[in-house]
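Since the structure comes first, as structure tokens, the remarks are kept for the end.
Just the heavy atoms: all of them, side chains too, but no hydrogens, waters or symmetry mates, feed the values below. Everything numeric in this text was worked out from a predicted model, so none of it was measured.
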Amino acid sequence: MSATAELPTKEAHVLKGHEGAVLAARFNGDGNYALTCGKDRTIRLWNPHRGILIKTYKSHGREVRDVHVTSDNAKFCSCGGDRQVYYWDVSTGRVIRKFRGHDGEVNAVKFNDSSSVVVSAGFDRSLRVWDCRSHSVEPVQIIDTFLDTVMSVVLTKTEIIGGSVDGTVRTFDMRIGREMSDNLGQPVNCISISNDGNCVLAGCLDSTLRLLDRTTGELLQVYKGHISKSFKTDCCLTNSDAHVIGGSEDGLIFFWDLVDAKVVSKFRAHDLVVTSVSYHPKEDCMLTSSVDGTVRVWKN
């Protein structure tokens, strides 16, 4: 059986409830649950494997653009148009803290491995680091070397990596305070890291995904065929790192072979722009979300 037969291209569930565009859909650490957020200012917790809505979280004053849950599933963070980063308790639905300091809308949030800090990416050209354990609402670090909006952020054990509309992917080594910058020459609107930690995948607004060596910045491969020109559209790798996945503005999902960059599968996932893709950490299962207001669960 070919590897492509394992790819999740069959619709298992449609998660409905958001009013208006869904801007992000994320599996939790073990893949049993999912969090989604969108234009309707809500965050929703789902059992995606049964298609059931568990809880709705409301506190944001404007659209919610991103959400990330801690490894122990007890807390999550969210961000969006109201310029703040929210730190929530999953079970009570209470906002534990609001981190204020960005001078513009916040595009992305990520916890570190130990869930002790949150890093946020903003329209104000900065990445900000917030300490979840302290009671201070001031950032413990501000990285402001970007020349334009920071759209996406990923974390490793020692590094913060940001992707910006200025065309760069910048890597900050927390231990030695060093910055490395890779200029891709095109606005970067999504970055993700391979599961082996060796590569960074950058989605750019010239309808191209670029795979970079994380240590050298060398361009390893480019992936094309989808449309990505004006919307923030996620890209990621499958959990085996065998395939690259990208959403398209025409509602399609693309799978490329990691090594030779051939399109091995593409299918219509949504009627409108695909905003988000999230791949299950262990199984061949995927979430997609769209401007059409739905989140879809795909299995093989």
Side-chain angles (χ1 to χ4, degrees), residues 2-4 6-8 108 110 113 119 121 127 143 145-148 150-176 178-229 231-249 252-266 274 276-281 284 286 288:
S2 73
T4 53
E6 302 294 323
L7 293 173
K110 282 283 188 310
D113 272 357
V119 182
L127 289 169
I143 298 166
T145 48
F146 295 92
L147 305 177
D148 208 330
V150 192
M151 295 299 292
S152 186
V153 60
V154 293
L155 277 64
T156 70
K157 282 188 168 52
T158 57
E159 294 166 333
I160 297 172
I161 308 170
S164 170
V165 175
D166 70 10
T168 64
V169 173
R170 294 174 196 249
T171 302
F172 305 88
D173 190 311
M174 306 301 283
R175 296 166 303 179
I176 55 175
R178 187 186 59 169
E179 175 187 331
M180 293 189 316
S181 179
D182 301 307
N183 193 349
L184 303 184
Q186 295 289 337
V188 178
N189 74 349
C190 173
I191 55 171
S192 62
I193 201 154
S194 59
N195 296 282
D196 64 13
N198 294 333
C199 302
V200 173
L201 182 67
C204 300
L205 286 178
D206 61 345
S207 301
T208 306
L209 303 181
R210 291 169 170 84
L211 189 70
L212 308 174
D213 183 289
R214 192 160 73 83
T215 46
T216 66
E218 180 193 351
L219 181 63
L220 302 173
Q221 191 53 278
V222 295
Y223 308 90
K224 293 186 174 182
H226 64 302
I227 303 166
S228 176
K229 292 178 177 167
F231 284 85
K232 183 169 162 66
T233 314
D234 278 351
C235 58
C236 64
L237 291 96
T238 55
N239 52 34
S240 63
D241 285 339
H243 296 95
V244 166
I245 312 167
S248 182
E249 289 178 15
L252 300 182
I253 287 283
F254 282 73
F255 289 94
W256 293 267
D257 183 275
L258 177 83
V259 180
D260 68 15
K262 284 195 176 77
V263 175
V264 295
S265 179
K266 64 176 182 177
V274 177
S276 191
V277 291
S278 179
Y279 208 85
H280 193 286
D284 288 308
M286 175 177 67
T288 61

Evaluation steps, side-chain contact (heavy atoms from CB on, under 4.5 Å), between Ile160 and Met174: CA-CA 7 Å; Ile160 297 172; Met174 306 301 283; 3.5 Å; yes

Is there a donor-acceptor contact under 3.5 Å from the side chain of [X] to the main chain of [Y]?
X      : Y      : result
Asn189 : Phe231 : yes
Asp182 : Leu212 : no
Thr208 : Asp206 : yes
Ser181 : Arg170 : no
Ser207 : Ser228 : yes

Check: Thr145/Glu179 side-chain N/O donor and acceptor closer than 3.5 Å: yes

Ser164 versus Asp148, side-chain donor and acceptor atoms under 3.5 Å: no

Partners meeting side chain to side chain contact (heavy atoms under 4.5 Å, CB included) with Thr156 (sequence neighbours left out): Thr158, Glu159, Ile161, Ile193, Arg214

Output the distance between atom [atom1] ([X]) and atom [atom2] ([Y]), rounded to the nearest 0.5 Å.
X      : Y      : atom1 : atom2 : answer
Phe146 : Met151 : CZ    : CE    : 12.5 Å
Leu237 : Leu211 : CG    : CG    : 7.0 Å
His226 : Cys235 : NE2   : SG    : 7.5 Å
Leu209 : Ile191 : CG    : CD1   : 13.0 Å
Leu219 : Gln221 : CG    : CD    : 8.0 Å
Ile245 : Met286 : CD1   : CE    : 5.5 Å

Contacts of Asp213 that satisfy salt bridge (charged side-chain N to carboxylate O under 4.0 Å, His left out) - sequence neighbours left out: none

Can you name the closest pair of heavy atoms from [X] and [Y] and give their distance?
X      : Y      : answer
Cys236 : Leu201 : O-CD2, 3.6 Å
Val188 : Ala202 : CG1-CB, 4.2 Å
Val277 : Gly247 : CG1-N, 4.5 Å
Asp196 : Ser194 : OD1-OG, 2.7 Å
Cys204 : Leu184 : SG-CD1, 4.0 Å
Gly167 : Asn183 : O-OD1, 3.1 Å

side-chain contact (heavy atoms from CB on, under 4.5 Å) between Ser152 and Lys232, worked out: CA-CA 9 Å; Ser152 186; Lys232 183 169 162 66; 4.1 Å; yes

Pair Ser248-Ile227, side-chain contact (heavy atoms from CB on, under 4.5 Å): steps then yes or no: CA-CA 5 Å; Ser248 182; Ile227 303 166; 3.7 Å; yes

Tyr279: which of Asn239, Asp284, Thr238 passes side-chain hydrogen bond (donor to acceptor under 3.5 Å, both in side chains): Asp284

Check: residues 256-264 side-chain donor-acceptor pairs under 3.5 Å, at least two apart:
unit_1	atom_1	unit_2	atom_2	d
Trp256	NE1	Lys224	O	2.9
Asp257	OD1	Val259	N	2.9
Asp257	OD1	Asp260	N	3.0
Asp260	OD1	Lys262	N	2.9

side-chain contact (heavy atoms from CB on, under 4.5 Å) assessment of Thr233 paired with Cys190: CA-CA 7 Å; Thr233 314; Cys190 173; over 6 Å; no

